[in-house]
Every structure is written in C-alpha cells, then in structure tokens.
There are 2 protein chains.
Amino acid sequence: MTSTKKTFTYEYPRPAVTVDCVIFGFGNGELKVLLTKRGIEPFLGQWAFPGGFILEQETADECARRKLAEEAGLEDIYLEQLYTFSDVDRDPRFRVISIAYYALVKSTDYLIEAGLDIEEVKWFSLGEATALAFDHDQILSVAIERLKGKIRYQPVGFELLPEQFKLPELHKLYETILHRAIDRGNFRKKILSMGLLVDHSEKQPDRHSRAAKIYSFDRDKYESLKESGFYFEL
Amino acid sequence: MTSTKKTFTYEYPRPAVTVDCVIFGFGNGELKVLLTKRGIEPFLGQWAFPGGFILEQETADECARRKLAEEAGLEDIYLEQLYTFSDVDRDPRFRVISIAYYALVKSTDYLIEAGLDIEEVKWFSLGEATALAFDHDQILSVAIERLKGKIRYQPVGFELLPEQFKLPELHKLYETILHRAIDRGNFRKKILSMGLLVDHSEKQPDRHSRAAKIYSFDRDKYESLKESGFYFEL
DNA sequence: CCAAAAGTGTTCACTCTACACCCATGC
DNA sequence: GCATGGGTGTAGAGTGAACACTTTTGG
C-alpha cells in the first residue's frame, strides 16, 4: 500500500471544553455533594456542580482547582479526574465536552461563599441532589460509583474526615458509602492491624457514652508501605 | 450577597479535541500494543496510537470506535475510556486535549491494514514502545497501570484471549500483566471455584505434553452473579 | 524411559465472620 | 441501675500459600 502523504490542514470544528467538579463531603452520618445554583443561562436557577470553561493556558487539573476556589472557596483538597462526558447534546447552546472531576472535602462545615455567576452554594444529601442542570445527574451517579469502588482499595475515606477522627466515625463513613452494615469489631481489627492509624490518646469527654479514642491517618507510612508492595484493602 | 446576573456570552478560546486509543493484545506470552506510523505532520514517521479529531456529531466513544475501524480495521472489541490528557503543550501545533481510551483485542493475529494518513500498523511489545509521538509515552504508562489494576478485580483478562482458551494461557496472561509468578495450582483452584468457566472438553492434541482442557468465560453468568453482589477478584 | 507440561491433593497458617462480653459515661 | 455506645475476645469456618504428587504425551 502506498501511503497518501499530504500537508496537514485543520478542518474540524472545535467543541467547547469545560471542567465540572463533584464535591463530596460527609456530615451528620450522610454523604453529601456540594451544588451551586446557577446565576446565568442556561439552566438559570437550577443546581449544578461547580465548573466552567477551560482557559487556553491551563490544564484540566488547574482548571478544576481554580473553579473549586472561585465558586466554592475550597483549596488544597483531594481531587481526581473522574470521566469525560461528550454527549453531543449535553449542552443546549452548542457542543460542550466536560471533563468531570471529583473532590473530597474533610468537613461539610467549610465556610462556603457563592462566587462568580453563582447565586448560592449548598450541601445536598444524595437523595436531594436530583434534577440537576445539564447531564449532571449522570455525572453524579458515575462519581458515586467511583467513590464506592475506590474506598475499598484506596485510603480515600480519610479525605472525608477531619485530620483527627474517632474510629466509630470512620466505621459509619464506610457503612454509609458502601451502603451495608459492617461488623464493628471486625472493622476495627482490620483497620488497626494495618498499623496506619496513629493514636492521639488525649481523650476528649463525650456526651452520652464512653469517650472514643482519637486517631489520625499516617499518610507517610502508607506511602512507604505502598512502595514495598502493600495494598490497602477494606 | 446580591448575585450579579448577566447575559451569557462565550468568550473562551476553544481547544481542539482528539481521541487516542491504546490497544492491548496478548501474543507469544507477551503483552503488546498496536501502534501506527504517522503519515502526516507533526511527528511524521513516528509511532503513535490510533486516534484523531472528534467530529461535531459524534461522542468520544463513537470517535474511538470509528478510529479503531479506520486506522486499524478493528471492530466489536472491548473499549473503555482511560483518562483525558490536557497538558497545554502536548501538541506542537496548537492546544489539543486528548480523551484517551484503551481497548483489548482477543488476538494479535488480527488482519491489520494501514488506514487513512497511516503508513504502517504494527504490534509492539511494551519494551519496544518508546519514544512515541506527542505525550503517548505517558498515555501508555497510565494505560498499563489501569490494566494492571483492572485485571485484579474485573474479568477483563478474557478480552485478551480467544473465546476458547486453555487455563495455562490464562495463567500466563495474569503472570505477564501482574508481572509476578502465580502458583499454578492455586490460580486454577481460585478461578475454577468461581464457576464462571465452561469446560469444552473436546481435547485438542498438543505438542510436547499432556493436552490442556479448553474453557470459555461465561459472561452471562458473570453478569447475573454481579447483580447479586458477587465480586470477581484475582 | 524420560522430560515437559497439565492437573490434583494436602498441609499449615492465617484471616474473616459472627457473636458475646466487658467498660465507661450520663441520666 | 440501666441504657447507650466504645472497645475486646474467641471459636469455627473459610481462604491462601507452598509444595508435592500424579497423569498424559512426544521423543
């Protein structure tokens, strides 16, 4: 076969490209997502994930972090690319491809301020987060599945709790996200046996029962164990 | 806070968007990737993954399947979105964002024909696939990591073998991809105990030893087990 | 008969599961 | 005391790792 060499000319239409961020938080024993009420068309007044068009000189990761800061006032949080959504009609105006990210926030008590083109920012429990703008319902369900899968074999649960936390909180977090009961004692043994939790035993008085010990996750130790082939699981 | 409502105007530059496909195959006891030799600038003459610009009326998935067919003559194969690469300078011409996919092919013996703007198409073992065009080295390493992770908890290994295969082949495939020795007997017991392999016991003579039984993967049974909470692992 | 590769069996240790039980606290 | 929730212990089932053994086939 003789190849047809020709001078390259760019004759393709360019879609617009946006980044959208699904932000998960954990509060009141529930998994929540942060939504923004749109202050502009299309879908004015409807709830959507923070996001926006990618700039010429920024990567998608940078765009995601910029949007988190601009629209939700969030910085230095866990962030990971989720999936790229490219349905032809996902935006009523013109072709828009969206690179979706998901972020994990250590508390739903963050000071949240509405930013540019945003009327309001609010945490929603998963059940309430429906009828979102664009295809964001679909993006949300992909994000939930990803989180469910990821939490089993990566230590991402800790990203949803404060630096210092109690084991029952972690337990509840896992039960909530995996959506099933997990034996208290066995969970405790499993997670402690990894040796990745540091005990901060200055007990803090609790209200209605025995006070729980306070732990933190030893990220450095995890990283070095991972190097030597360790695999975080359940 | 009073929100600033304004009429939306689209003032952002549009990057070009492409789709690139990492195609894995398994042959000669080795994991391989299919590369195309570029017949156009930039990177003319260098090896790269099949791919190209996304059209106005197609999704990224459709684009990936189209490119697989056009450039490598492949149809009806396992395909999954990998990651979206958005480094600002990944293309020397102008801003190009690439939605990368990875595909699994059931044999490296496919009839492969060079397509549009392609000089040549060839299977490379992983060691040989270096100094690729664009950021394709980086894409490849992300794809390998994904495959390594995925094969442990999803039945994707079968996508790299013919419909009917022998257990030693599957064993070798796992050893190759996970890059470590796996006990023959234990592997066999584990995989057979799931009850997902169908025995096609018409033995076929082999050359130097006892003939291996032939199996196929029962995809339907897997799907129904998965519904009821079954989790494929190792 | 021997080598090579397929396939089976056995053992031991470890881990997971399902509980039951004890402890500290507030009312 | 008792209810509540934190934390520990244990017995039995189940699983995984290591390795030895048997079977079939070609030369």
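For the numbers below, each heavy atom of this structure counts, side chains included, while hydrogens, waters and symmetry mates do not. Lettering follows sequence order; numbering is per chain, from 1.
Checking D/dG6, D/dA17, C/dT17 against the side-chain heavy atoms of B/Asn186 singles out D/dA17 as nearest.
Distance B/Phe187 CZ to D/dA18 P: 16 Å, rounded to the nearest Å. Distance CG (B/Leu167) to C1' (C/dA5): 13 Å, rounded to an integer number of Å. Residue B/Arg152 contributes atom CZ, which lies 13 Å from atom C1' of D/dG16 at whole-angstrom precision. For B/Lys172 and C/dA5, the NZ to C1' distance is 13 Å, given to the nearest whole Å. If you measure from atom CG of B/Leu234 to atom P of D/dT15, you get 14 Å, rounded to the nearest angstrom. Computed from coordinates, the A/Ile191 CD1 to C/dT17 P distance equals 14 Å when rounded to whole Å. In this structure, B/Arg180 places its CZ atom 12 Å from P of D/dG16, rounding to the nearest Å. If you measure from atom CD1 of B/Ile182 to atom P of C/dA6, you get 15 Å, rounded to the nearest angstrom.
Comparing B/Asp183 and B/Glu169 against DNA chain C, the residue whose closest nucleotide sits nearer the 5' end is B/Glu169. Summary of the strand contacts: A/Tyr215 and A/Lys189 both lie near DNA chain D, and taking for each the nucleotide with the nearest heavy atom, the more 5' one is attributed to A/Tyr215.
When the side-chain nitrogen and oxygen atoms of B/Arg188 are compared with OP1 and OP2 of C/dA6, none of them lie within a distance under 4.0 Å.
Nucleic acid contact for A/Lys190: sugar-phosphate only, since backbone atoms but no base atoms lie under 4.0 Å from a heavy atom of the residue.
Taking the six-membered ring where the residue is Trp, the centroids of A/Phe26 and A/Phe24 are separated by 6.0 Å or more. Under the 6.0 Å cut-off for aromatic ring centres, B/Tyr215 and B/Phe217 do not qualify, their centroids lying 6.0 Å or more apart.
Taking 4.0 Å as the cut-off between side-chain N and carboxylate O, A/Glu70 and A/Lys67 count as a salt-bridged pair. Ion pairing of A/Lys122 with A/Glu128 is absent here, as no side-chain N (NZ or NE/NH1/NH2) approaches a carboxylate O to less than 4.0 Å.
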I would like to know whether A/Phe165 and A/Phe158 meet ring-ring contact (aromatic ring centres under 6.0 Å, His included); could you show each step before the answer?
CA-CA 9 Å; A/Phe165 55 87; A/Phe158 306 104; 5.7 Å; yes
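Donor-acceptor pairing under 3.5 Å, judged by distance alone, is present between the side chain of B/Arg184 and the base of C/dA6.
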